[in-house]
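Reading through the structure tokens given below for one structure.
Heavy atoms only: backbone and side chains are in, while hydrogens, waters and symmetry mates are out. Computed from a predicted structure; not experimentally measured. Residue numbers start from 1 in every chain, and the chains themselves are labelled A, B, ... in the order their sequence lines are given, proteins ahead of strands.
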Amino acid sequence: GNSVTQMEGPVTLSEEAFLTINCTYTATGYPSLFWYVQYPGEGLQLLLKATKADDKGSNKGFEATYRKETTSFHLEKGSVQVSDSAVYFCALSEVTGNQFYFGTGTSLTVIP
Amino acid sequence: NAGVTQTPKFQVLKTGQSMTLQCAQDMNHEYMSWYRQDPGMGLRLIHYSVGAGITDQGEVPNGYNVSRSTTEDFPLRLLSAAPSQTSVYFCASSYGGGSTDTQYFGPGTRLTVL
């Protein structure tokens with residue numbers, strides 16, 4: 001079946017630190033991969049996505065590369081800001097696109 | 001565009017009561033879905049719809065009913081609420097439901113069942 005596993009949180013970093021949030025997946029086909037972000041009190045919004053192997057998604061300084069050989073889609077940012085404090089969800093969509101599978105979420109707090 | 005809207009924002013029910021969570025989108029999206037978010041569980045798909053008149057079950061459909069009579073609206077019904085349905089509920093929509101499509105989420109409904 002399809003599933004997503006992401007690193008446990010919470011994660012606390014100082015401003016300008018390097019961020020990595022690990023995400024691995026299991027899929028029966030060739031899924032698309034996503035990172036969504038949820039700010040306090042809000043719904044999820046798309047951060048970035050990659051639709052095939054070796055694609056790199058990027059947005060707002062965040063990056064993630066679709067690694068088929070390691071079934072991973074790790075999220076990275078070189079220098080985090082206080083405004084990046086949120087919960088980050090890794091997700092996959094199966095080939096038909098009718099069902100999405102989300103990880104458990106990783107809470108990030110960035111302190112000044 | 002209002003995007004995806006959900007009502008109510010908060011609701012408290014007693015066990016056995018029924019209610020409908022409303023979801024509407026104004027982006028002319030064909031695909032709509034309902035998720036529940038529980039601590040340590042991430043988001044789990046309850047039901048989804050690929051167009052008006054078409055619905056299907058997701059990962060955790062028991063205790064919930066849906067219908068899709070228009071493209072814009074996708075209400076979620078709890079026929080007899082149980083404490084296990086205490087959760088935050090999110091509605092989402094996307095253009096065509098394809099695997100590469102971005103999902104747009106509503107702000108959520110926080111439901112407590114006593």
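Note on B:Arg110, B:Met41, B:Gln37, B:Arg44: by heavy-atom pairs under 4.5 Å with chain A, the leading option is B:Gln37. Counting heavy-atom pairs under 4.5 Å between each of A:Lys49, A:Glu8, A:Gln45, A:Glu42 and chain B puts A:Lys49 at the top. Interface check for chain A: of the options B:Ala92, B:Gly108, B:Pro107, the most heavy-atom pairs under 4.5 Å are formed by B:Pro107.
For the pair B:His47 (side chain) and B:Val66 (backbone), a donor-acceptor distance under 3.5 Å is absent.
Neither the backbone nor the side chain of A:Gln6 comes within contact range of chain B; no heavy atom of the residue lies under 4.5 Å from a heavy atom of that chain. For chain A, the nearby parts of B:Leu43 are the backbone and the side chain; heavy atoms of each come within less than 4.5 Å. Heavy atoms of B:Phe90 lying under 4.5 Å from chain A belong exclusively to its side chain.
Under the 4.5 Å side-chain heavy-atom criterion for grouping Ile, Leu, Val, Met, Phe, Trp and Tyr, B:Val60 is not connected to A:Leu44 through any hydrophobic cluster.
The CZ atom of A:Phe102 lies 9.5 Å from the OG atom of A:Ser93; values are rounded to the nearest 0.5 Å.
Side-chain contact between A:Pro31 and A:Tyr66: present, with at least one pair of heavy atoms (C-beta onward) separated by less than 4.5 Å.
Of the N and O atoms on the side chains of B:Glu59 and A:Gln99, not one donor lies less than 3.5 Å from an acceptor on the other residue.
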